[in-house]
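See structure below.
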Amino acid sequence: WTLHKTDGNSTVFIRGLDDAEVDRIDRALGFCRAQVISPPYRLLASSHGVWQQTYVRVADAEREEFTPSLADELIGAMVGWLLIWRLVLDQAAHDLSQRFGPDSDQLAGFKAATKNAYDSSQAYRVVEALRNVVQHREMPPLNVNQTRELDKETGQSVATFSCKFPVSYLLDSGKCPATIKSEFTGAADVKFEVVRLIDDAMEAIKIVLFELAKFLHPSWSHT
């Protein structure tokens, strides 16, 4: 076994490796693959990327391409992100409980981080409520609308796209949390712009994921 380095054009020999060192490298790589390269919470960023790509494709579609099936793709991407959102949080809580115990400081710290995110971000609260209704009741009634106007300066056709759902969808459900019912009392006509809601929720959950990374990889808190 030998250790080399390369700059893409040439390879330079560094030194030889014995079997024990190769074994340690293999175990370190295994840990990185399991805990750093592909932890469950990376799925959330991936599913968010799928949502963004789908949104852009639908928003930029030509008039003749704008069909109900295209809107269904948008709903599918949004619901996929919602379900991954909950899966990541559930798996993280389970993992911390298994590793450190149900009464551990790590699990308590993670729950405190999720509570803080919930309390401080309306987008986080709405997404939690939305995910619960979608998972147990029905798909959200998205109002997808594309209009085109002529830009007077450039003479080009400019598309304006919106994708919204009404808060009444949540308020009318038996699965709606009391927090949301109280927050939107007398405001049943509010409509959420989905792309902004999701972006704001992703920003709010960052602190939760950072806390999770600190618990699973203590050295990260010092970097």
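- The shortest non-hydrogen separation linking V194 to F165 is CG2-CD2, 3.8 Å.
- A donor-acceptor pair under 3.5 Å is formed between the side chain of E193 and the backbone N or O of C163.
- Here the side chains of D199 and H48 are in contact, with some heavy-atom distance below 4.5 Å.
- Between the CD atom in Q135 and the CG atom in L130 there is a gap of 11.0 Å [rounded to 0.5 Å].
- Ring-plane geometry between Y55 and W51 is classed as tilted, the angle between the planes lying from 30 to 60 degrees on a 0 to 90 degree scale.
- Judged by distance alone, the side chain of K181 and the main-chain N or O of L171 form a donor-acceptor pair under 3.5 Å.
- The aromatic rings of Y118 and Y124 stand perpendicular to each other, their planes meeting at an angle above 60°, with 30° marking the opposite boundary.
- Looking at every heavy atom in both residues, V167 comes nearest to A187 through CG1-O, 3.3 Å.
- With rounding to the nearest 0.5 Å, the separation of CG in L96 from OG in S104 is 6.5 Å.
- Looking at R15 and E21, a side-chain N of the basic residue comes within less than 4.0 Å of a carboxylate O on the acidic one, giving a salt bridge.
- Considering every non-hydrogen atom in both A123 and A201, the closest pair reads CB-N, 3.6 Å.
- Shown here for A61 and L70, the closest heavy-atom pair between the two residues is CB-CD2, 3.5 Å.
- Taken to the nearest 0.5 Å, the CD1 atom of I180 stands 7.0 Å off from the CD atom of Q122.
- Nearest approach of A117 to A204, heavy atoms of both residues: CB-O, 3.8 Å.
- Without hydrogens or angle criteria, S97 side chain to A93 main chain gives no donor-acceptor distance under 3.5 Å.
- The ring of F192 has its center closer than 6.0 angstrom to the ring center of F184.
- Separating the NE2 atom in H136 from the CZ atom in R131 is a distance of 6.5 Å, to the nearest 0.5 Å.
- No continuous path of hydrophobic side-chain contacts links V56 to V50 [ILVMFWY only; heavy atoms under 4.5 Å].
- Looking at Q52 and W81, their side chains never come closer than 4.5 Å, going by heavy atoms from C-beta outward.
- The backbone N or O of L170 sits nowhere less than 3.5 Å from a side-chain atom of S173 that would complete a donor-acceptor pair.
- In this structure, I75 CD1 and L142 CG are separated by 4.5 Å, a value rounded to the nearest 0.5 Å.
- Side-chain atoms of N132 come within 3.5 Å of backbone N or O of K175 as a donor-acceptor pair.
- For S120 (side chain) and N116 (main-chain N/O), a donor-acceptor pair under 3.5 Å exists by modelled atom type.
- The backbone N or O of D119 lies less than 3.5 Å from a partner atom in the side chain of R125, making a donor-acceptor pair.
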From CA spacing to verdict: side chain to side chain contact (heavy atoms under 4.5 Å, CB included), N145, F161: CA-CA 6 Å; N145 185 49; F161 181 79; over 6 Å; no
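- Taking both residues in full, the closest heavy atoms of E211 and A113 are given as CG-CB, 3.8 Å, listed atom of the first, atom of the second, then distance.
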Test log, rule side chain to side chain contact (heavy atoms under 4.5 Å, CB included), inputs D200 and R196: CA-CA 6 Å; D200 288 350; R196 180 174 179 179; 3.6 Å; yes
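- Interatomic distance, CG of L212 versus CG of L89, reported as 9.0 Å (0.5 Å rounding).
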